Amino acid sequence: MRLMLVALLLASAANAQPAEPPASTVQPPPAAKLPPPTIPAPPPEPLPPLKPPSAEQALSFGAPLHDPNVRVHVVEPKAFAEQGRFELVLFPVTPQINGKFTQHHGTAGELVFHLQERFALTAFGQYNWYAHESSFNEELVDKVHEEAQSASSLLLRWGALGGVEVAPLYGKFAFYDHLVRFSFILNAGAGVGSTRHQLKPSNAAGPASYGETGTRFLGDLGAGVRFQVGERFALRLGVRDLVYTARVDKVNGCSLSDLHSLNDQRLAGGSLSSAQVGGGCDVSSFEGMSGSRDRGDDVPLAINVVDQPSSDVLGELGVYLGFSLVL
Amino acid sequence: MRCALLGFALWGMGAGASAAFAATPPQTNGVPALYAQAEQGNDAGAAHALSLALEAKGYPFLASAYDAQVLKLGPAAKAYPAALEHLVRLQETLDDEYLLPSLLAAQPATALNDLSPEPRARMGFLTAAVDLRRGALAEARKKLEAVPANAPFSAESTYLLGVVLSDPKLPGGPQLGEALKAFDRVLKLDPQEDPKFERTRGLAQLARARTLYAMKRNAEAVQAYQAIERETPDWAEALFEEGFARFRAGDPGGALGSLQALHAPQFEASFQPESWILKATIYYFNCLYDEARTSLYAFDQTYTPMMNALAPLARGSLTPEEAYAQLANPETSRLPKPVLNWARDNERMLRVFALRAELDREGKRLAEDDSLRGTAAQAGLRQALDDNRKTVEQVAGTLAKNRIQEAYRDLKGFTDQAEIIRFEATKAEKDLIERGVDRRKVLAAGHLYRPASPGPAYDYWRFEGEFWSDEIGHYRYTLKNACVGSDAPKKK
């Protein structure tokens, strides 16, 4: 392509002084007149050698990195566009890292729909297959006969949340010969979670026993990083705080008065089912044997839990390491 | 007859006496006997039989030499049609773009009548390529349009038809619309595993972009250039030409971005002198005269030493043999590396190099061929290879010399253009000073923004001097425009 030479020559011509007419059309000047008293212009001198550019103008592989008049950017199509795609995430183990009075370990899964490239809708679910009071709380009970307030030691069994995810920052790095793209993600959600309270720890007398404390509102805040591995896979690492409110005034649906009625009946040697309790009280959860232990023994423990109603806002902060399949 | 010793230079020079031809099946073990028979006289039948036997033994080049000898005897020879068909097939095997197509093109048109349909169509395609090189465009077009759409080489012939139709020298003027349709037809063909087919598709994509540019459909041209696959042989050229298309489309930042890719370390040894001239021109049209001079300085630093190094080679009486040696032996070549790469990577050069490599392969095979050891055939065939090697090197040398001279001419021309730009920039600056325009103030008042993102599926990065391989080709500049009112130079 050589059009630029033509263009410049034309541009030059446009700016130049009017050219001399062709020789054939030049009329001889009148003999009576003297030529104008001008000194003929000297022949054009060659342009001096180009000077090296200033530091501001210096180029690095052709790029003006310090030029205030020019800036270089990269606008690159994403290697893997995500808009409109689903992502299925599995977090095999989600250990709690802020366990004080409780300790949770679970498995979580998430379905992410990428509504836009950097904004997604999420459906998240987690089941804690390990949800016990912490060894610290049990130690308190054993050694100083104290324990955390009931609300502060509430256990989360499972949770289901809907939410959103945004990826405000992204980057990439070279890993050996591969380019790995990553994005920082923030997520938030809301949903419900099932809670319970440990009534008796696992000891020589038998396994731990629990009392259901109801379904609670569950919130979720999280942050992490997502590494894209090829078009179909991604790794995710982050932390999430599953936040839930806890006010313990019933155990297994039984209020304090229900529990007292049950206890009275138990002490009288009668059947618990004949006790006068409210409709929501699940008497059967205190009946029968758990191993060699009578479940009725949980009634006074349940009374202790609701005797002094307490409330708290709990946060189960966990580490989430998972992998995902982009569909 | 010492057919091969005469070499390809004598091909097609005339016809001799005809000879009886018997349809001899390939006799891979009968090469010495067939060679002796062929050496005895103008026995076209024996020469063709020897050709078939040589091909069967893995000597396609030597085989083509003996069939070429049959063609020398003319259509009157009984073996002529068979030899012609065989040569068409051997051309495909050897992928030779010069020697055999030129030989085929020298045959009388009536010779095609005796060929079966496919070789006839292929011969038409091959000779059309020769016509194109010779400037006989109307003839080439006629032959290419006669190639059936279902021919195995229809992608190549359709591409070539597009090239012919877009040639400005086509009688009646170029037919760019028709050329575009031809390139589109190639691009719509189903992908194949064949690398040659993929290469043709790549060329068609580039040709499509060039045609759109020629039609001044600049935005479409930009898209077409961007569709060229990364890291293919045409990528660098596409980036450069995309710069032109973007510039003409009124996107100076995009144009500078396309050209920036060519200065990445990955393209360090590429020959891209015009990229600096275009950069300087773009800056000039935005009244960024310092930046224009910086580009010209970069051009001067890189390419003036190259031009000086090329001058004695390009101006002197470089023989084709010497030129070939410069290209064939990179270790001892006096050519600057970018010029060497540019000359060696030329499609035509690559094919001639491949042919030269085939001669070497056949020579090695011949030396190790136990069935021919110590025979007169072995000595004769070796001599034939040596003679033809000289011919191939002569062709390659001529191409190499042309390439070296072209590089020098280009550099000289671009140096002149650089001087013009420099002069114009200085003159424009002087005009502004005389009019009391403070360009620094104008520039200080300007702002630089991020380039517009084409969509959400794009990542933005600030370029800070690191060249990531995935980013090459995606650079964008933003630049201030220091032109005041009517100062802006007008693009023609």
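Lettering of chains follows the sequences in order, A, B, ..., and the numbering in each one begins at 1. This one's a predicted model, so the numbers in the text were calculated from it and none came from an experiment. Both backbone and side-chain heavy atoms feed into the values below; hydrogens, waters and symmetry mates do not.
- Shortest non-hydrogen contact noted between B:Leu176 and B:Thr211 is O-CG2, 3.6 Å.
- Note on B:His263, B:Arg422, B:Glu268, B:Gln260: by heavy-atom pairs under 4.5 Å with chain A, the leading option is B:Arg422.
- For B:Leu256, no part sits under 4.5 Å from any heavy atom of chain A, backbone or side chain.
- At a 4.5 Å heavy-atom cutoff, B:Gln301 makes no contact with chain A through either its backbone or its side chain.
- Highest contact tally toward chain A, considering only B:Glu291, B:Arg293, B:Arg476, B:Arg462, is held by B:Glu291 [criterion: heavy-atom pairs under 4.5 Å].
- Note: A:Pro77 leads A:Pro77, A:Ala81, A:Ala174 in heavy-atom pairs under 4.5 Å with chain B.
- Taking the six-membered ring for Trp and the full ring otherwise, B:Phe299 and B:Trp276 have centroids separated by 6.0 Å or more.
- Residue A:Pro52 touches chain B through both its backbone and its side chain, counting heavy-atom pairs closer than 4.5 Å.
- In terms of heavy-atom pairs under 4.5 angstrom with chain B, the leader among A:Lys78, A:Glu117, A:Glu76, A:Arg181 is A:Glu76.
- For B:Ala457, the parts lying under 4.5 angstrom from a heavy atom of chain A are both the backbone and the side chain.
- Contact of A:Gln57 with chain B is made through backbone and side chain together, with heavy-atom distances under 4.5 Å.
- The aromatic ring centroids of B:Phe467 and A:Phe61 lie less than 6.0 Å from each other.
- Between A:Tyr320 and A:Phe91, the ring-plane angle classifies as perpendicular under the 30° and 60° cut-offs.
- The aromatic ring centres of A:Tyr170 and B:Trp461 sit less than 6.0 Å apart.
- Seen from the ring of B:Tyr289, B:Arg439 does not count as a face-on cation partner, given the 6.0 Å and 45° thresholds.
- Here the CG-CD distance, from A:Asp241 to A:Gln96, works out to 9.0 Å after rounding to the nearest 0.5 Å.
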Original post:
Where do A:Glu316 and A:Asn128 land on the side chain to side chain donor-acceptor pair (under 3.5 Å) test, with the steps shown first?
Top reply: CA-CA 11 Å; A:Glu316 183 200 325; A:Asn128 286 329; 3.3 Å; yes
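- Per-residue counts of heavy-atom pairs under 4.5 Å with chain A were compared for B:Asp300, B:Leu479, B:Leu448; the largest is that of B:Leu448.
- Looking at B:Tyr449, the atoms closer than 4.5 Å to chain A (heavy atoms on both sides) all sit in the backbone: N, CA, C or O.
- Contacts between A:Lys172 and chain B at a heavy-atom distance below 4.5 Å involve backbone atoms as well as side-chain atoms.
- The candidate with the highest count of non-hydrogen atom pairs below 4.5 Å against chain B, out of A:Glu56, A:Arg118, A:Gln83, is A:Arg118.
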**OP:** Test A:Asp67 against B:Lys480 for salt bridge (charged side-chain N to carboxylate O under 4.0 Å, His left out), laying out the working first.
**Re:** CA-CA 11 Å; A:Asp67 190 333; B:Lys480 294 178 183 174; over 6 Å; no
